[in-house]
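One structure below.
Read the numbers this way: they start at 1 and go in the same order the structure lists the ligands and their atoms.
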Amino acid sequence: MLRRSAVPHQLDRRAFLAASARIAALAALAPLAACAQTSAPLKLEKDPFTLGVASGDPLPGAVILWTRLAMDPLHGGGMPSAPIDVAWTIARDEAMKDVAASGSMSAIPELGHSVHVDANGLEPDRAYWYRFRAGGFDSPIGRTRTAPAASASPEVLKFAFASCQNYTQGYYTAHAALAQEDLHAVVFLGDYIYEGDARGDRVRDYAKRGWAFTLADYRDRYAQYKTDLNLQASHAAFPWIATWDDHEVENNYAGGIDVADPKNKQAVFERTNAYQAYYEHLPIRVARPSGPALKLYRALSFGDLATFHVLDTRQYRSPEVALCADSAETPSGYCAPNLDPKRTMLGKEQRDWLISGLGASHADWNFVAQSVRFAEQDSSPDPATHHFDGVDNWMGYVADRQTLIEQFARTKNAVVLSGDSHVNFVYDIKANFTDPASPRVATELLGTSISSDGDPFIPATQFDGSAKNPQLHFFDNHRGYVRCTVERGRLTADFRAVSTVTEPTATVSTVATFVVDDGKPGAHRA
Ligand SMILES: [Fe+2]
């Protein structure tokens with residue numbers, strides 16, 4: 001999928017004329033605008049496309065194309081501190097002969113010389129190939145795909161979802177396998193990077209270990225992750241639909257803070273830098289962040305077959321209750337503060353947007369793509385007592401969870417996609433988790449990590465829950481991703497596992513296949 005252009009250094013004519021016109025215009029303006037930034041010389045001494053290419057957030061006639069110029073990726077990018085023209089071309093064929101659109105864009109130092117091109121005017125539901133050119137170098141060619149028209153009724157949608165790619169804890173053998181799948185899109189559910197120092201057993205190390213949570217720190221971390229050729233191949237093969245979790249900023253952070261309060265100064269500093277770096281490195285269709293704020297939640301549809309309601313479970317959530325005081329534990333097994341109806345996971349604005357989006361959806365399948373475990377899971381080993389550990393997951397935000405559950409009951413085929421746990425789980429989502437007779441209203445598929453936590457000490461795959469957790473149907477602790485096939489009558493989820501992440505190459509296999517039938521919430525084994 002990832003290969004160099006067969007005809008290097010050849011600008012398409014429109015891009016060449018645009019670049020020539022721009023140089024002429026700059027030359028004419030130069031005496032009048034001596035202090036203004038002008039384009040750097042077009043010839044770079046080294047290949048700036050060390051971080052690959054990516055595409056994302058496909059619409060029926062458009063897709064975001066991404067790259068970031070970095071001649072010295074692990075040390076701030078190594079680019080001149082000036083805007084650099086980047087020409088782009090998107091074509092209907094892999095040889096890039098049948099050009100559908102082209103143009104040029106300025107990669108500016110303020111955005112780490114990253115570009116987000118909104119390539120539009122494209123045909124719905126078809127494959128395209130794209131390439132960038134800058135400083136005399138061609139980027140690798142990426143493949144992407146537009147979404148079907150809003151009025152279309154596609155019979156099938158194939159996607160995979162993945163999360164949690166700690167670079168130091170494993171090779172990206174799962175991305176190597178993912179890049180070979182036959183998919184329309186990849187949904188990424190967070191922990192694209194891990195901030196700070198390496199933890200646990202290290203398979204490979206970070207180039208930069210000491211951290212001050214500066215923009216330079218985050219940029220160098222993204223850059224090291226993105227130098228991985230398997231990750232580049234995964235991006236170059238499919239458009240991604242990405243959201244974040246905590247490690248894009250800091251472990252278990254909760255966003256709902258008063259940014260004007262001086263005691264939050266460090267948190268605001270970290271978040272501002274982290275959100276900026278996230279924007280710079282992901283192919284997302286969102287507005288450039290403003291300070292510690294980036295509106296990431298959004299919906300993407302594939303005709304009337306499927307809609308992805310993509311959530312941000314970090315930026316607006318109430319603080320976590322990390323330690324439940326003994327006096328606060330309730331007989332229900334929940335920590336009392338977690339039952340406070342004022343607590344929120346999504347914030348009012350995002351929750352209202354989701355509820356109305358689910359309510360108005362005409363899609364046969366409604367995927368809620370988000371980072372952390374949604375279903376209830378009782379972790380008490382004692383049959384007579386309950387313990388619902390709400391640290392960092394929806395058990396800590398019971399009121400918001402119940403509001404969503406009530407909407408799921410009125411929504412066609414609601415399926416929650418989650419990550420974060422570094423293992424696979426399949427859950428029923430019940431109208432009332434505390435009532436064994438309560439009906440199922442939705443399904444949760446929680447996918448394992450790409451590499452985080454490394455190879456399992458003791459590989460384990462278990463089917464069917466226990467008396468304590470009858471809503472749980474599957475547990476598995478391999479590394480990998482989940483491949484989904486959406487059809488009118490069913491959703492099929494293949495839990496794909498790689499044989500290892502401690503070696504650079506691995507085999508991949510399906511450890512389990514679960515099916516959700518149309519109109520019948522809850523998954524069963526195929
Ligand atoms: Fe993670």
Side-chain angles (χ1 to χ4, degrees), residues 160-175 178 186-204 206 211 213 218 221-222 224-226 228 230-231 234 240-255 270-271 274-275 277-278 281-282 296 310-315 317 320 322 345 369-375 377 389-397 416-425 427 444-457 475-482 495-498 501-502:
F161 68 96
S163 61
C164 298
Q165 51 186 20
N166 190 310
Y167 180 91
T168 66
Q169 291 180 341
Y171 292 104
Y172 293 160
T173 51
H175 276 304
L178 183 53
V186 167
V187 178
F188 196 84
L189 300 176
D191 289 354
Y192 189 95
I193 60 157
Y194 283 71
E195 85 293 359
D197 206 352
R199 8 174 246 177
D201 292 337
R202 285 197 291 276
V203 173
R204 46 188 182 169
Y206 289 137
W211 259 54
F213 294 94
Y218 285 108
R221 183 57 49 87
Y222 276 98
Q224 186 164 9
Y225 277 58
K226 282 184 159 288
D228 185 286
N230 290 329
L231 176 58
S234 194
W240 281 36
I241 297 167
T243 189
W244 56 28
D245 194 20
D246 53 341
H247 287 286
E248 286 86 353
V249 179
E250 193 177 4
N251 186 37
N252 285 3
Y253 87 95
E270 287 175 16
R271 200 171 310 166
Y275 285 11
Y278 184 81
H281 291 86
L282 273 292
L296 191 58
V310 182
L311 304 190
D312 173 354
T313 62
R314 283 289 158 192
Q315 192 172 174
R317 70 158 75 182
E320 296 186 2
M345 177 67 104
Q370 55 91 49
S371 58
V372 292
R373 174 163 56 199
F374 187 86
Q377 184 160 321
D389 178 1
V391 178
D392 209 48
N393 62 60
W394 285 86
M395 287 184 284
Y397 302 84
V416 178
L417 306 176
S418 322
D420 179 55
S421 297
H422 307 172
V423 292
N424 292 303
F425 288 118
Y427 297 101
E444 180 174 8
L445 305 175
L446 189 154
T448 190
S449 63
I450 289 284
S451 58
S452 302
D453 287 345
D455 284 342
F457 281 122
F475 162 79
D476 172 84
N477 66 359
H478 289 87
R479 306 283 73 77
Y481 55 91
V482 186
F495 289 83
R496 305 279 280 162
V498 289
V501 297
T502 58

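With the Fe ion (ligand 1) as the vertex, atom OD2 of Asp191 and atom NE2 of His422 span an angle of 170° (nearest 10 degrees).
In this structure, the side chain of Thr448 does not engage the main chain of Asn477 through any donor-acceptor pair within 3.5 Å.
Look at His247 and the Fe ion (ligand 1): no N/O/S atom of the residue is under 2.8 Å from the metal. Residue Tyr194: an N/O/S atom is found under 2.8 Å from the Fe ion (ligand 1).
With a 6.0 Å cutoff to the six-membered ring centre and a 45° limit on the axis angle, Arg204 counts as a cation-pi contact of Tyr172.
Electrostatic pairing of Arg314 and Asp392 counts as a salt bridge here, judged by a charged N lying under 4.0 Å from a carboxylate O. Ion pairing between Arg317 and Asp246 fails under the 4.0 Å rule for side-chain N and carboxylate O.
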